[in-house]
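Source: prediction; values computed, not measured.
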Amino acid sequence: MAQQIQDLVASIRKDGIEVAQKEAAQIIADAKAQAEDLIREAKKEAASLLEKAQREIDTRDQSARSSLQQASRDVQLSLKKAITTQLDRLLVEQVEKAYASNDLVSLIASVVASLGDAKQHEVQLSRKDFDALAKSLAGQLSDAIKAGLEIKPVASVSTGFRIAAKDGASFYDFSAEETAALLKPFLSAAIEKIVFSSAN
């Protein structure tokens, strides 16, 4: 009987060990499966985070490029405006210098000669130019003055001159500002080509 008890204990022990080994194997298999699931989910989440981070980087990069392009355009426009303003001022100064010379008398005489009917017009000058050029103009335009052309100073002309109809219906403005404005379109293309070619 002792043998039977030993056999029974050995059988129970063997069955218990086998059950325990099976349970241990199942626990290990379940743990491995869970570990694989966790690793798969972690990889998926890491890939999602990387993709999101890349999208954010791309968005910031595009935004930075757009901001840089806008700032570049603003600087170019500001520079262009500053240079154009300076060139306009210099152009007016050069025209004023040309009008301050004795060539103004010849220019006025040429314009008056092209009018045809001088008696219906008057030459308007600044007080300063009238005082300085009256004698020269009277000499060079004597025939037109005899025909009725008038030469007089007016407060509204600061440099250059105007040829106005006596009835006030129209006038030709040859002031430094107007002459510079007329010349400007012919200079702008050349200046823009030189100064702003890199901006385009």
Inset, instruction - Answer with yes or no whether the side chains of Arg73 and Gln70 bring together a donor and an acceptor at under 3.5 Å. - result: yes
Inset, instruction - First locate atom OG of Ser142, then atom CG of Leu137, and finally report the distance between them rounded to the nearest 0.5 Å. - result: 11.5 Å
Inset, instruction - Find the distance between CG (Leu141) and CD1 (Ile151) and round it off to the nearest 0.5 Å. - result: 5.0 Å
Legend entry - Spacing of Lys128 atom NZ and Thr159 atom OG1 [to the nearest 0.5 Å]: 8.5 Å
Inset, instruction - Please round to the nearest 0.5 Å and tell me the distance separating atom CG of Asp173 and atom CD of Gln124. - result: 9.5 Å
Legend entry - Shortest non-hydrogen separation from Arg162 to Phe171 and the atoms involved: CD-CD1, 3.4 Å
Inset, instruction - Among Ile, Leu, Val, Met, Phe, Trp and Tyr joined by side-chain contacts under 4.5 Å, find the other residues sharing a cluster with Val154 and list them by chain and number. - result: Val157
Show which side-chain atoms of residues 43-51 pair as donor or acceptor with protein atoms under 3.5 Å away, not counting sequence neighbours.
{"unit_1": "Glu51", "atom_1": "OE2", "unit_2": "Arg55", "atom_2": "NH1", "d": "3.0"}

Legend entry - Single-linkage hydrophobic cluster Leu77~Val75, side-chain heavy atoms < 4.5 angstrom: no
Legend entry - Whether over 12 other heavy atoms sit under 6.0 Å from Lys166 NZ: yes
Legend entry - Evaluation steps, side-chain contact (heavy atoms from CB on, under 4.5 Å), between Asp129 and Phe161: CA-CA 9 Å; Asp129 287 340; Phe161 64 99; over 6 Å; no
Legend entry - ILVMFWY cluster membership beyond Ile57 - transitive side-chain contacts under 4.5 angstrom: none
Considering only distance and modelled atom types, tabulate donor-acceptor pairs under 3.5 Å from the side chains of residues 143-150, sequence neighbours left out.
none

Legend entry - Distance in Å, Ser170 OG paired with Gln120 CD, rounded so as to fall on 0.5 Å steps: 10.0 Å
Legend entry - Spacing of CD1 belonging to Ile108 relative to CG belonging to Leu125, to within rounding of 0.5 Å: 4.5 Å
Inset, instruction - Evaluate the criterion side-chain hydrogen bond (donor to acceptor under 3.5 Å, both in side chains) for residue pair Asp30 and Gln34; output intermediate values, then yes/no. - result: CA-CA 6 Å; Asp30 289 346; Gln34 284 181 341; over 6 Å; no
Legend entry - Under the side-chain hydrogen bond (donor to acceptor under 3.5 Å, both in side chains) test, residues paired with Gln140 that sit two or more places apart: none
Inset, instruction - Name all residues meeting the side-chain hydrogen bond (donor to acceptor under 3.5 Å, both in side chains) criterion together with Gln54; count only those two or more places apart in sequence or in a different chain, and write none if there are none. - result: Asp58
Inset, instruction - Using modelled atom types only, decide if a donor and an acceptor are shared between the side chain of Ser110 and the backbone of Ser106 within a distance under 3.5 Å. - result: yes
